[in-house]
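Read through the structure below, which is laid out as structure tokens, and then see the notes.
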Amino acid sequence: MHEFSFQDDILPLKDKLFRLALRITMDRAEAEDVVEEAMVRVWEKRESYSNYDSVEAFCLVVTKNLALDMSQKKDAQNLSLDESMAESEMDESDPYHQLANNEKLKLIHRLINELPERQRLVMQLRDIEGESYKKIALVMNITEAQVKIDIFRARQKVKQRFLEIDGYGL
Amino acid sequence: MDYDYIDRLLERYWKCETSLKEESELRTFFSKSDMPKRFLPYKDLFVYQQIQKTVGLGSDFDVRVLSKIEPPVVKAKRLTMFVRIKPFLRAAAAVALIVLCGNITERSYFADDKLDYNYKDYKDTFHDPEVAYKKVSSALMMLSEEIKKSKSQHFPDSLYQNDLDSVCTK
């Protein structure tokens, strides 16, 4: 087993982990905290990652679980999803939202974030990160067949709703 | 450009039959500005995927997480011999001070009582040698008698009593 280096093996994953956490928490600050915590945990347990093919899959799993925990805690605090989403949409100075200053892109962003959690994450990992079905199955702890079904549903739903709304808009 | 190929790819993309490479080809195709009108509705869906991939964390995050990962540096301190025995020096100084004070007080109290080991300088305290001799011999006699008395009393009382009894019956 090769010697681990935090700077070479874990730190370069920060953006990918951040994007995944952001898809779950929908909040930049929270996602950042999640990634930080996840990286520290992965580093502390670097000896036990052998269950996963790569340290990247291990990082993704830890990040996903921490982010889900955090969003569950947030739900427990009686903060409704609509409220937090409205809040995040208000924050236009956020660079994350500046990226989507185009109305159509904004719409797609909203449509994806409105998907059920699993479809949302699977779509993030496949269409944005470009991960293989096998890796996604490992990270999400579901079968590859299930991954394909989720991606299929997510793509269909986003396409359908986007064309619908965009068609009316034109 | 083979648009039929793109048509086919797109068709398979919606059915989740495309490989990662083919999906990447689609993203590249849709990032171009000129394309037949029939593809335009889908353009933003793929553009969104590419834009989202650029979302990430700044370098301040690196600094923060690295400060949590790297263990606090313990600097080796070079100890000189003097620094090492410093505590003992202190103790020794305290003992020396006490001894010195003791000596000074002792000397100031008993400064006059000097022991004189020079026998030649001794002076006689008598005038008549015969009187002196008698005094000394009577003193020695008293001493020898006291010693004798203590010797006879040294026997256990019961044993001494038995001896007396045997003498009386005779």
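The chains referred to below are lettered A, B, ... by the order of the sequence lines, with proteins before strands, and numbering in each begins at 1. In this text the structure is predicted, and so the values were computed from the model without any measurement.
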Any [X] side-chain heavy atom under 4.5 Å of [Y] side chain:
| X | Y | answer |
| --- | --- | --- |
| A:L22 | B:Q52 | no |
| B:L45 | A:R155 | no |
| B:Y48 | A:D127 | no |
| B:F61 | A:M39 | yes |
| A:R126 | B:L20 | yes |

Quiz item: What are the two closest heavy atoms between A:F162 and B:D44, and how far apart are they?
Solution: CZ-CB, 4.1 Å
Quiz item: Got a second to check how far B:R64's CZ is from A:D33's CG, nearest 0.5 Å?
Solution: 6.0 Å
Practice problem: Would you mind checking which part of A:I128 comes under 4.5 Å of any heavy atom in chain B, side chain (CB onward), backbone (N, CA, C, O), both or neither? | Solution: both
Practice problem: Go through the atoms of B:Y42 and report whether side chain, backbone, both or neither lie under 4.5 Å from a heavy atom of chain A. | Solution: side chain
Exercise. Return yes if some donor-acceptor pair links the side-chain N/O of A:K14 with the main-chain N/O of B:L57 below 3.5 Å, else return no.
Key: yes
As an exercise: rank [options] by heavy-atom pairs under 4.5 Å with chain B and give me the winner.
| options | value |
| --- | --- |
| A:E36, A:Q7, A:M123 | A:E36 |
| A:L11, A:I112, A:I10, A:V158 | A:L11 |
| A:E32, A:K159, A:Q156 | A:K159 |

Quiz item: If you draw a 6.0 Å radius around CZ in B:R27, do more than 12 non-hydrogen atoms from other residues or ligands fall strictly inside?
Solution: yes
Which atom pairs, donor and acceptor, lie under 3.5 Å between side-chain atoms of residues 139-154 of chain A and protein residues at least two apart or in another chain?
unit_1, atom_1, unit_2, atom_2, d
A:T143, OG1, A:Q146, N, 3.1
A:D150, OD2, A:R118, NE, 2.7
A:D150, OD2, A:R118, NH2, 3.3

Practice problem: Please go through B:V83's hydrophobic cluster and name the other residues, only I, L, V, M, F, W, Y counting, with side-chain heavy atoms under 4.5 Å joining them. | Solution: B:L79
Quiz item: Where along residues 63-71 of chain A does a heavy atom come under 4.5 Å of chain B, listed by residue number?
Solution: none
Quiz item: Shared ILVMFWY cluster between B:L40 and B:I6, side chains joined below 4.5 angstrom?
Solution: yes
Practice problem: Could you tell me which residues satisfy side chain to side chain contact (heavy atoms under 4.5 Å, CB included) with B:K21, sequence neighbours excluded, listed by chain and number? | Solution: B:S19, B:E25
